[in-house]
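Before any comments, here is the structure.
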Amino acid sequence: MTAPATDSPAPIRDPIRMEDLVALCRRRGFIFQSSEIYGGINGFWDYGPLGVALKRNLKDAWWKDMVLCPPDGPDGEPLSMVGVDCTIIMNSRVWEASGHVGGFNDPMVDCRESKARYRADHLAVLVAREDDGSRRMMAFIEGDDAQREKAGKVLAKYERAEFSPDRYMVRPFTSLARTDLTRVVGPDAKEPGTLTEPRAFSLMFKTNVGALEDASSIAYLRPETAQGIFANFQNVLDSTRVRVPFGIAQIGKAFRNEVTPRNFTFRSREFEQMEIEFFIRPDSAGEWYAFWRELRHRWWRSIGLTGANLVLREHDRDELAHYAKEGAGTCDIEYRFPFTAPGFGELEGVAHRSDFDLRRHAEFCGKGEKMRYFDQEKNERYFPHVIEPSAGADRGTLALLCEAYTPDPSRPSGVVMKFHPRMAPVKAGIFPLVNKDGMPEVSERLHRELRARFAVEHDPKQSIGKRYARMDEAGTPYCFTIDSDTLTNQTVTVRERDTLSQERIALDKVGAFLAEKIGG
RNA sequence: GCGGGAGUAGCUCAGUGGUAGAGCGUCAGCCUUCCAAGCUGAAUGUCGCGGGUUCAAGUCCCGUCUCCCGCUCCA
């Protein structure tokens, strides 16, 4: 990480208007709607020339800071990290092992009151035989006799009658009409009408491998990159010299058929993740969880999210995922997006996933206990636990855009994108003050020299003010301008984006100046 | 998924059932010695898409897609 993280809280400014940011992103080529000429497609976005540069800077910084050159771990040793790049389509068994197929392919019913979720085909209701369409119904989980009995008692009490089985009948929940839902009391609820209709939660994109479309050819686009890492755990152990504790990192696309894509790129159906599975001894989960939590929080600050818009939020126990119920904890690193303000939206989750995934794969692939890791030092076998920092590359890019967007009525452009120099898509603009008198020749030469090391743009046309304004909207931190003095004393002016200040530096020191300011 | 709003040039928008418009931006030329200056010119439109009504639809009606806002949802 090049820039030190600061802890000084910045004041919370008024949220920017999202439509203004979206308009700028389109106008300047950061982000376009996918398939726009055909009317678009909901939940898919393309990155334009500036956007791809910004996102690539984010991913490159992550890879460099987490994989190539991470800081020392809590034990004082250099972190052991390696990378992989796995396929998007994997053997379907992977998703059975991970729990993505099965639990979420069947129609599910949610309870608004208790927040519980039930498989619709596992629910039944108790209702009076002489139901006239207005009697209360009690839902219970089929096969759970205790709950069924309790439902009967509650119902009888409600109707101020003695419970007798022949006065009531059991109907499958799935046989109920939509209009009946308002009088159904959920298994864990007190009030009627809190259950939703059965809904299919098949949030994975389905496809077929091979030309034949039959049941055996069904495959899924991965909903997370993590499983590719788990599935290759043994391969990495066997082919490298890493030993616990170590991490495997991956950047790649993932796909979720979101119910409601919203808020620009925030909830896209195709998105890119930057994930680490860090494998540890089970008894060290606490310290590694704390380590990653702090490291990841610090990292986001180091690339420009320095203000009060970035927070670290520990999850409550009841919102934990199925794989993290017991463990050191789960937290989100969240950003106050304009569309979530005053609330926050998730940028990254850091979770203690326990040994859930490795165990499940060991079980499903049939190798079982043989897949346990052998710890030479301790002379014992175990399934390593996992701390997973899982960040959204698109959400991160969006946060950088939101953070950078700074309206400034005093400038010609009206807005300036104040990217951290390391993230800026274009590091410097190179201009001849006027496009004649030997200036363009000098600026072209400088451009040729710098472009080998930095993302720079040469722009000789139109008025100088117009060119500065364009660079403000692109978020370019520096502009170097060749004027008539350059021809006599070999100096150029440096125009600084955020302060609008100008100073003269030697023409042959421009590369060193940039290297010092932005690294590289 | 529900309710509300919007969609006309790259952007912001005007457009009364009767020839498709403006400003800005973009591009070219001239001019211009530091912040979208000026002058001249140019390019850019399936009026979101599909039906319908009409002699005639950007305009009225129906459907649909996309975006925005509020709920709902988010393994």
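First the proteins, then the strands, lettered A, B, ... as listed; each starts at 1. Computed over heavy atoms, backbone and side chain alike; hydrogens, waters and symmetry mates excluded.
- For the ring-ring contact (aromatic ring centres under 6.0 Å, His included) test, no residue two or more places apart in sequence or in another chain qualifies with A:Phe271.
- Side-chain contact check for A:Arg222 and A:Gln273: no donor-acceptor pair (N or O, by modelled atom type) lies under 3.5 Å.
- B:U12: Watson-Crick or G-U partner is B:A22, with both key distances under 3.5 Å.
- With rounding to whole Å, A:Asn435 atom CG is found 13 Å from B:C27 atom P.
- Taking every side-chain heavy atom of A:Pro223 into account, B:A75 is the closest of B:G3, B:C73, B:A75.
- Here the C1' atom of nucleotide B:A9 and the CZ atom of A:Arg26 are 11 Å apart, to the nearest Å.
- Between A:Glu36 and A:Phe44, the residue anchored closer to the 5' end of RNA chain B is A:Glu36, taking for each the nucleotide with the nearest heavy atom.
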B/S/- contact track for nucleotides 33-48 of chain B, protein heavy atom under 4.0 Å: BBBBB--------B--
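- The side chain to side chain contact (heavy atoms under 4.5 Å, CB included) check on A:Glu272 picks up A:Lys55, A:Lys59, A:Ile251, A:Lys253, A:Ala393, A:Asp394, with sequence neighbours excluded.
- As a whole-Å value, the separation of A:His100 NE2 from B:C74 C1' is 13 Å.
- To the nearest whole angstrom, the two P atoms, one in B:C27 and one in B:G18, are 37 Å apart.
- Pair assignment for B:U33: none, as no Watson-Crick or G-U wobble contacts are both less than 3.5 Å.
- Contact check, A:Asn257 against B:C74: no side-chain N or O comes under 4.0 Å of OP1 or OP2.
- Among the protein residues, A:Gly345 comes within range of no part of the nucleic acid, since none of its heavy atoms lies under 4.0 Å from any strand.
- B:C27 is paired with B:G41 under the criterion used here, namely a Watson-Crick or G-U wobble arrangement in which both key atom distances are under 3.5 Å.
- Between A:Asn42 and B:C67 there is a side-chain N or O to OP1 or OP2 distance below 4.0 Å.
- Contacts of A:Glu142 classified as side chain to side chain donor-acceptor pair (under 3.5 Å), with partners at least two apart in sequence or in another chain: none.
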Candidate pair A:Lys427 and A:Tyr478, rule side-chain contact (heavy atoms from CB on, under 4.5 Å), full reasoning: CA-CA 7 Å; A:Lys427 307 303 185 193; A:Tyr478 301 100; over 6 Å; no
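- Across the protein-nucleic acid pair, A:Lys461 atom NZ and B:G25 atom P stand 17 Å apart, rounded to whole Å.
- Spacing of C1' atoms, B:U44 relative to B:G10, comes out at 8 Å, to the nearest Å.
- Toward the 5′ end of RNA chain B lies the nearest nucleotide of A:Ile41, the other residue of the pair A:Ile41 and A:Arg262 mapping further downstream.
- If you measure from atom CG of A:Asp332 to atom C1' of B:C74, you get 12 Å, rounded to the nearest angstrom.
- Spacing between B:U46 and B:A20 at atom C1', rounded to whole Å, works out to 14 Å.
- Across the strands present, B:U53 finds no partner; the criterion is a Watson-Crick or G-U wobble pair with both atom distances under 3.5 angstrom.
- Rounded to a whole Å, the CZ atom of A:Phe32 is 12 Å from the P atom of B:G10.
- Distance from the side chain of A:Arg267 is smallest to B:C73 among B:G3, B:C67, B:C73.
- A:Phe264 comes within contact range of the sugar-phosphate backbone alone, with a heavy-atom separation under 4.0 Å but no base atom that close.
- No side-chain donor-acceptor contact under 3.5 Å links A:Gln227 and A:Trp95.
- The distance from atom CG of A:Leu24 to atom C1' of B:U12 is 14 Å, rounded to the nearest whole Å.
- For A:Tyr468, the ring-ring contact (aromatic ring centres under 6.0 Å, His included) partners at least two apart in sequence or on another chain are A:Phe431.
- Not counting sequence neighbours, A:Glu346 has no partner by the side chain to side chain donor-acceptor pair (under 3.5 Å) test.
- For B:G3, the paired nucleotide is B:C69, the pair qualifying as Watson-Crick or G-U wobble because both relevant distances are below 3.5 Å.
- Atom CZ in A:Arg269 sits roughly 12 Å away from atom C1' in B:C74 (whole-Å rounding).
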